[in-house]
Structure formats: structure tokens, C-alpha cells
Amino acid sequence: MSVATRREIFDCSRLVSVFEGCFGVTENTSLVGGAQEPLYRPADDNNSRNLLYFREDYFASALHETAHWCIAGAERRRLVDFGYWYAPEGRSADEQRAFEAVEVKPQALEWIFSLACGYRFRISVDNFADRGELVDTSDFRRKVATQARHWQRVGLPPRAARFTRALRQEFATPAALPERCFEPEALA
């Protein structure tokens, strides 16, 4: 596939449109690109809609932020950025473990969304060692794969299931994926 064709297929406007069709009216929420950093902003006195911002025009960022939104409960959706903290690159080992604990479900869901689009998923620990090398991700990859397989067996949370069905329709991908799609080795 050429770069131009890939860019056309994985145009973020398609994700924005699918999200709007699924949740624009029912959840009063819009997916918005072009942000310098991802952010969820619930409706307030200045804005009547909930806004889910993704970074620039990155397809993976849109999928990832949508994953966070799809699993956030009603209380978290009333909080800026769902009430999560974010420590930038250079986290301590304890901070990294806390980050990964929060990221297992969103990244498993992002992986499922990516497959529904036919888009390559890349796991992210969003942290580098002092020498610029990636930290060991094997345990995190295993946890993300386990969560994805679990959802494949028991079903997705309702908003995630709705979005996945709509993505499969938009991107013409198969309705069912074999569980072997969700092996940790696929994330290497």
C-alpha cells in the first residue's frame, strides 16, 4: 500500500465521523483532532459539549483517547482528563508501574479498535531509560494481551462494542477475530 493510499484510508476524519455517529447525540461528546496534547474536557459553562481531544492528526492517538473514553465510567467522564494524572517521560519505577496499571485496559481496547480499522497497533509504555532505550515491556505486553483476550471472550464494554462495530463497518473488516490475534508476541 502506498503512503498516499495509507494516509487516505487512515484519515482521522473517518474516526471523528464514526465517533460522532456513535456518540455525538447520545453522549453529547465530540472527538477533536489538532491538539498539542490529548485531553478530555467535560461540558461546562463555556462549552455545551464534552470534548475528547487527540494529538495533532495521529490516528493512533484518536483510537487511544477514544479507548480511554469508552471505558471511563460516568463519574470519570465528569472530570477533566477523567481525573487521571500524567507524569512525563523519565518516570521512576513506581510511577511507571502506576502508569502501566492504568494503561492496560485502554491499550487493550486501542488494539481491538486498531484491528477493527485494519491499522497496526503499537504498544506504548511512554517512558525511556536514561540511555534512551525502551524499558522492558514484556510484562506490560502480556497484561495488555490478556485483557484483549478476555474482552474477546466475554464481550466489550457497551460503548466500546458500539464503536468497534461502527469501525468494522466503516473500514470493512471482519466481524470476528480469532483469539490468536491477541498474543503478546504480536505486540513486540
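Phe23 CZ to Leu31 CG: the interatomic distance, rounded to the nearest 0.5 Å, is 10.5 Å. Atom CZ of residue Arg159 and atom OG1 of residue Thr164 lie 12.0 Å apart, to the nearest 0.5 angstrom. Taken from OG in Ser61 to CG in Leu15, the straight-line distance is 10.5 Å, to the nearest 0.5 Å. Taken from CZ in Arg141 to OG1 in Thr146, the straight-line distance is 12.0 Å, to the nearest 0.5 Å. Interatomic distance, Thr66 OG1 to Tyr40 OH, rounded to the nearest 0.5 Å: 12.0 Å. Atoms CG and SG, on Leu167 and Cys22 in that order, are 7.0 Å from each other to the nearest 0.5 Å.
Residue Ile123 is grouped with residue Ile71 when hydrophobic side chains (ILVMFWY) are merged at heavy-atom distances under 4.5 angstrom, including chains of intermediate members. Cluster annotation: Leu63 is connected to Tyr84 through the hydrophobic network of ILVMFWY side chains, with a link wherever side-chain heavy atoms come within less than 4.5 Å. The hydrophobic cluster containing Ile9 also contains Phe54, counting ILVMFWY residues as joined when their side-chain heavy atoms lie under 4.5 angstrom apart, directly or transitively.
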Side chain to side chain contact (heavy atoms under 4.5 Å, CB included), that's the test. Do Asp139 and Arg142 meet it? Break it down for me. CA-CA 5 Å; Asp139 187 52; Arg142 182 185 52 73; 2.4 Å; yes
**Request:** Show your working on side chain to side chain donor-acceptor pair (under 3.5 Å) between Gln107 and His68 and close with a plain yes or no.
**Result:** CA-CA 9 Å; Gln107 290 204 30; His68 273 289; over 6 Å; no
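At least one side-chain heavy atom of Trp69 sits less than 4.5 Å from a side-chain heavy atom of Glu27. Inter-residue side-chain proximity for Leu115 and Phe121 is flagged as unmet; no heavy-atom pair is nearer than 4.5 Å. Inter-residue side-chain proximity for Val32 and Leu52 is flagged as unmet; no heavy-atom pair is nearer than 4.5 Å. Counting only heavy atoms from C-beta outward, the side chains of Cys70 and Phe113 approach each other to under 4.5 Å. Side-chain contact between Leu51 and Thr29 is absent, with no heavy-atom pair separated by less than 4.5 Å. Proximity of Thr26 to Arg162: side-chain heavy atoms (C-beta onward) are separated by under 4.5 Å at one or more points. Residues Pro42 and Leu79 form no side-chain contact, since every pair of their non-hydrogen atoms from C-beta on lies 4.5 Å or further apart.
In this structure, Arg77 fails the cation-pi test against Phe82, since its NZ or CZ atom is not both closer than 6.0 Å to the six-membered ring centre and inside 45 degrees of the ring normal.
Formation of a donor-acceptor pair under 3.5 Å by the Ser114 side chain with backbone atoms of Glu110 is found in this model. The closest donor-acceptor contact from the side chain of Asp81 to the backbone of Gly83 lies at 3.5 Å or more, if one exists at all. In this structure, the side chain of Asn28 engages the main chain of Ser48 through a donor-acceptor pair within 3.5 Å.
Contact check on Arg78 versus Glu75 returns a salt bridge, with a Lys/Arg side-chain nitrogen under 4.0 Å from an Asp/Glu carboxylate oxygen. In this structure, Arg14 does not pair ionically with Glu20, as no charged nitrogen and carboxylate oxygen lie closer than 4.0 Å.
Residue Glu56 places its CD atom among more than 12 non-hydrogen atoms of other residues, nucleotides or ligands, all under 6.0 Å distant.
Only one option out of Glu37, His64, Gln36 pairs with Arg55 in a side chain to side chain contact (heavy atoms under 4.5 Å, CB included); it is Glu37.
Here the shortest heavy-atom pairing between Cys117 and Phe10 reads O-CE2, 3.3 Å. Minimum heavy-atom separation, Cys12 to Tyr58: SG-C, 3.6 Å. Here the closest heavy-atom approach between residue Arg41 and residue Tyr53 is recorded as CB-CE1, 4.5 Å.
Aromatic ring centres of Tyr119 and Phe59 lie closer together than 6.0 Å.
A donor-acceptor pair shorter than 3.5 Å cannot be found between the side chains of Arg168 and Thr173.
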